[in-house]
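Working notes, beginning with the structure itself.
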Amino acid sequence: MSLSEELFDVVVIGGGAVGENAADRASRTGLSVAVVESELVGGECSYWACMPSKVLLRAGAVRALARDTPGLRDPGAPDVAAVFARRDEITSNWDDAGQVSWVEGAGLTLVRGHGRLAGERLVEVTVPPVAAVGSGSGADGSDGVAEGGADSGLGEADTGEEPVTRLLRARHAVIVATGSVPVLPNTPGLAEAAPWSSREATAADAVPESLVVIGGGVVGVEMANAYTDLGAQVTLLARGGLLSNAEPFAGEMVEEALRKLGVDVRTGTEAASVERPGTTLEDSAPGPVTVTLADGEKITAAEILVATGRVPRTADLGVERVGLSESALGRGGALVVDDSLQVTGVPGGWLYACGDVTGRAPTTHHGKYQARIVGDVVAARYGTEAGDRSPTRGDPEPAVGQEGKPWSRYAATADETARVQVVFTQPQVSWVGPTEHEARSAGIPVETVSYDLSWVSGASVETPGYTGRAQVLVDTQRRVLVGATFVGPDAGEMLHAATIAVVGEVPLDRLWHAVPAYPTVSEVWLRFLESYGL
Ligand SMILES: Cc1cc2nc3c(=O)[nH]c(=O)nc-3n(C[C@H](O)[C@H](O)[C@H](O)COP(=O)(O)OP(=O)(O)OC[C@H]3O[C@@H](n4cnc5c(N)ncnc54)[C@H](O)[C@@H]3O)c2cc1C
């Protein structure tokens, strides 16, 4: 049977935070836009990542602050039920009705189902039987964990009805924003042990007595911190050191703090095999799990969480049907894009991508930045002036920044030169731009200026035991900052001043006139400049 096509100006595949933003932005010059979503509108960030994970960390962080503040009493261990209740509230109980009404209010058309590229400007959507997806279907662990990179699909309920296929024709462009899936290493016995991924860790409704976390990246350290706060005995296994993408001192400070909190941190090791006798994937209450380390040591725990990274979600996207072979894809199967977010290697220039699926800078903030850019590119390229409801104020000539990259509304320059990351452990870690090692490898002549944050007056007012450190990277040729790292309480809130200095390429002699208020921790900015010789 030949299907009739539904016509839109733009089709967005993936209705996570990034897809929603790209769709909204693209529609601002009067274009009609469809958003295809296979699970919950709002994506990973809203229901199983940023939001719930930060709520799980919040009570412990406030407790630590109270404990360290003279005049306050230790409020004691967090009330776990209340923490989970707040988590349920912030995830809207895994019900996307609120986000659906936002999408509809923005004039976008939501199409529920799994989208695949079916040809030039053509998207085929498999619409599951009504009960299979949508509001309330979230916390079931159906997250398509990639074992060796394969996407296991939707986790649809079997209603006995046949799925329906719809064909969406894009007059102008298709934007892919399908996100990423966690990687499950091929460690013997690991898959059979039915480990937690970040989804189960953020959606759990009980705290296991003990937990082994595999992976020392952002998700691993945050969840190790959160579950220790909530009362679990946590062992953290990391192949190298912790937070290997950050400056080494940041990972070391987090490691020390986690140990102090009671986490058994094992660096330079990995799980050689995993055993969970008698477990089947369907077990609702599996027994204890035993992890054998590379040196033969065995660690037994009630639960195991795998946090060893994520890969772009392109496995069941039909990329081969638009001429993209495996070799045309980037690391982990990423859609390779240029700075205007156009997918390279697809003739006709109609395919775009943004967010985790590009592998460029897998965070919500960079994904949404890319979404604004790709949305503006599409709106400007194909929109009509008559339909313009854009609040933006024109397009000045783009300035050209470091390494000749344009700072324009139509180029995702910051992904490369000013990438931003925050880790919400205690202490927090935040950084912008390259690490010292990355800068030197890129041939940037940098000098580091480091400062112990406990030496500034604002820190001693905050708490007598304040521990923190900050470092900036100065491009000695151009006398501007190219990067900065902060470690300390609320270090995430200190970052944006540095981001503005890096993106604005503010000369140090001008920064001298940005007077930090006394007594704030931001006085470290003055100390940086004095230490550099101003
Ligand atoms: C535990 C954890 C904590 C995190 N914390 C933070 C944080 O604090 N701050 C931060 O910035 N980042 C954080 N991240 C990263 C952040 O979650 C991602 O960068 C972000 O969700 C990426 O957004 P996205 O829209 O690209 O992808 P997603 O959020 O994954 O959305 C993609 C959407 O596309 C849908 N989809 C996929 N394939 C198809 C298809 N074929 N057809 C139709 N729909 C499809 C999916 O169902 C999903 O809704 C965290 C990640 C994890 C795992």
Side-chain angles (χ1 to χ4, degrees), residues 11-23 34-57 96 99 110-117 123-128 133-134 137-138 142-145 151 153-155 168 174-183 196-203 213 215 217-223 226 305-319 334-335 353-371 419-425 428 430 492:
V11 177
V12 178
I13 310 179
V18 176
E20 285 178 297
N21 270 262
V35 178
V36 184
E37 172 53 52
S38 58
E39 293 186 77
L40 296 183
V41 177
E44 212 68 21
C45 182
S46 307
Y47 306 103
W48 302 283
C50 328
M51 299 306 279
S53 64
K54 266 72 261 180
V55 168
L56 296 182
L57 283 155
D96 64 1
Q99 304 233 20
L110 175 63
V111 178
R112 295 254 189 213
H114 183 99
R116 285 177 199 84
L117 299 165
V123 175
E124 177 189 275
V125 184
T126 309
V127 184
V133 296
S137 72
S142 58
D143 61 351
V145 169
D151 188 342
L154 292 169
L168 311 185
V174 174
I175 302 173
V176 178
T178 50
S180 57
V181 288
V183 173
W196 277 5
S197 72
S198 49
R199 281 204 172 185
E200 288 75 22
T202 51
V213 178
V218 178
V219 174
V221 296
E222 284 188 350
M223 289 298 97
L305 162 63
V306 178
T308 48
R310 301 178 68 85
V311 288
R313 194 167 185 164
T314 50
D316 189 15
L317 192 59
V319 289
L335 290 180
C354 50
D356 278 16
V357 75
T358 67
R360 274 169 81 102
T363 54
T364 296
H365 41 269
H366 275 277
K368 285 163 76 173
Y369 163 70
Q370 294 162 15
R419 196 179 305 173
V420 162
Q421 176 88 55
V422 177
V423 186
F424 290 80
T425 39
Q428 290 187 1
S430 64

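Note that this is a predicted model, so its numbers are computed, not measured. Values below: every heavy atom of this structure, side chains too, minus hydrogens, waters and symmetry copies. When a ligand or atom number is given, it counts from 1 through the structure's own listing order.
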Taking atom [atom1] of [X] and atom [atom2] of [Y], what is their separation to the nearest 0.5 Å?
X    : Y    : atom1 : atom2 : result
E44  : M51  : CD    : CE    : 14.0 Å
T363 : K368 : OG1   : NZ    : 10.5 Å
T178 : R116 : OG1   : CZ    : 12.0 Å
T314 : L117 : OG1   : CG    : 10.5 Å

Would you say ligand 1 has an N or O under 3.5 Å from any N or O of [X]?
X    : answer
R310 : no
T364 : yes
G355 : no
H365 : yes

Any heavy atom of H366 sitting closer than 4.0 Å to ligand 1? no
Can you find a non-hydrogen atom of L40 under 4.0 Å from ligand 1? yes
Sub-4.0 Å atoms of ligand 1 with respect to non-hydrogen atoms of [X]:
X    : value
S38  : 36 (N), 39 (C), 43 (C), 44 (N), 45 (C), 47 (O)
A17  : 25 (O)
K54  : 5 (N), 6 (C), 7 (C), 8 (O)
S53  : 3 (C)
V18  : 23 (O), 24 (P), 25 (O), 26 (O)
A177 : 32 (C), 33 (C), 34 (O)
D356 : 18 (C), 19 (O), 22 (C), 26 (O)
G113 : 42 (N), 43 (C)

Sequence-distant partners of T425, side-chain hydrogen bond (donor to acceptor under 3.5 Å, both in side chains), two or more places apart: none
CA sep, side-chain torsions, deciding dist, call: E37, Q99, side chain to side chain contact (heavy atoms under 4.5 Å, CB included): CA-CA 12 Å; E37 172 53 52; Q99 304 233 20; over 6 Å; no
For R419, what residues pass the side-chain contact (heavy atoms from CB on, under 4.5 Å) criterion, not counting sequence neighbours? A361, H366
Pair R313 + D356: basic N to acidic O under 4.0 Å: no
Salt bridge or not for K54 and E222, using N-O below 4.0 Å? yes
